[in-house]
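Notes for the one structure printed next.
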Amino acid sequence: MEVIIKENYEEMSRCAAEIIAAHIKKNPRLVLGLATGATPVGTYKELIRMHREGLDFSQVVTFNLDEYLGVGMDLGKPYHLDQSYARFMHEELFAHINLKPENIHLPDGLAPDPEEFCRRYEEAIKNAGGIDLQVLGIGRDGHWAFNEPGSSLASRTRIQALTKETLDDNYESFYRQAGIAREEMPHFAITMGIGTILEARHILMLASGKKKAQVVAKALEGPVTSQITASAIQLYSGKATVILDKEAASELKNIEYYRHVEKLKAEMEAGR
Ligand code: PGA
């Protein structure tokens with residue numbers, strides 16, 4: 001696991017976007033796993049800027065991690081009520097780059113048979129050849145995607161009830177500003193499982209801000225536990241890159257070691 005500590009949110013976002021862009025340049029048909037939430041917004045802004053400068057998404061295939069159950073891009077609904085992750089992705093990224101619509105995969109919060117949909121989502125990931133690079137945040141309760149505390153570390157795409165902490169955070173980030181009552185928020189979601197995420201070939205986990213510091217330290221340096229599903233990163237066999245800003249890294253015990261490794265890596269790269 002590589003831990004990169006950046007000065008602030010902007011630098012974290014730039015670094016993440018550079019890694020994603022390098023993957024796309026190396027493999028234009030990249031299968032890219034995407035995350036929602038406040039954390040990746042800056043990364044997506046950077047990717048949009050890079051696209052304007054020529055970064056080509058025309059063959060990239062995307063899979064999103066999760067979606068609230070009961071919401072979706074429903075054009076029949078008043079716009080302000082649609083707090084779906086589908087709309088979020090459209091506004092924050094998809095509308096601004098040249099992904100082909102048929103290459104975009106999002107869990108469908110309006111699927112008539114959500115369980116069947118989850119099975120098909122897993123199949124679609126397999127048929128695409130698996131996820132090459134998966135972007136992840138981390139929730140204050142330690143979740144990856146909507147894998148709330150207690151989720152099996154072998155779980156697959158499925159329906160998940162959300163914790164109070166997640167509901168509180170997402171209400172503040174997305175629902176309050178839209179004038180939606182707390183009770184109207186969806187309490188269930190479709191989420192990729194931890195087992196699904198661990199099959200990605202490269203994981204890119206991002207966290208910023210003081211309020212993530214404790215949970216980041218638990219996930220990276222505490223015991224592996226289903227109570228902090230992001231701690232599954234410690235079982236991960238692919239390449240893991242964790243990019244933090246200074247505040248999110250502030251509770252890490254091994255911070256000096258991570259910085260030392262970063263410095264050695266930079267020296268090696270400069271020597272090439
Ligand atoms: P946030 O959410 O980026 O809005 O903090 C992260 C997450 O829940 O994974």
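Source: prediction; values computed, not measured. Just so you know, ligand 1 is whichever comes first in the structure, and atom 1 is the first atom listed for that ligand.
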Between T157 and E122, is a side chain to side chain donor-acceptor pair (under 3.5 Å) present by the stated rule, with each step listed? CA-CA 7 Å; T157 304; E122 287 276 338; 2.7 Å; yes
Please determine whether ring pair (Phe, Tyr, Trp, His ring centres under 6.0 Å) holds for the pair Y175 and Y68, giving the CA-CA distance in whole Å, both sets of side-chain angles, and the decisive distance to 0.1 Å. CA-CA 12 Å; Y175 282 79; Y68 294 109; 5.7 Å; yes
Step-by-step ring pair (Phe, Tyr, Trp, His ring centres under 6.0 Å) determination, H202 to H23: CA-CA 10 Å; H202 185 166; H23 270 263; 4.9 Å; yes
Strictly under 4.0 angstrom, heavy-atom based: which residues surround ligand 1? G37, A38, T39, G137, I138, G139, H143, K212
Closer than 3.5 angstrom, by distance alone: can the side chain of Q160 be matched with the main-chain N or O of G193 as a donor-acceptor pair? no
Would you please test T62 and N103 for side chain to side chain donor-acceptor pair (under 3.5 Å) and show each step? CA-CA 6 Å; T62 67; N103 287 344; over 6 Å; no
I want to check something: taking the side chain as every heavy atom from C-beta on, are P114 and L69 in contact at a cut-off of under 4.5 Å? yes
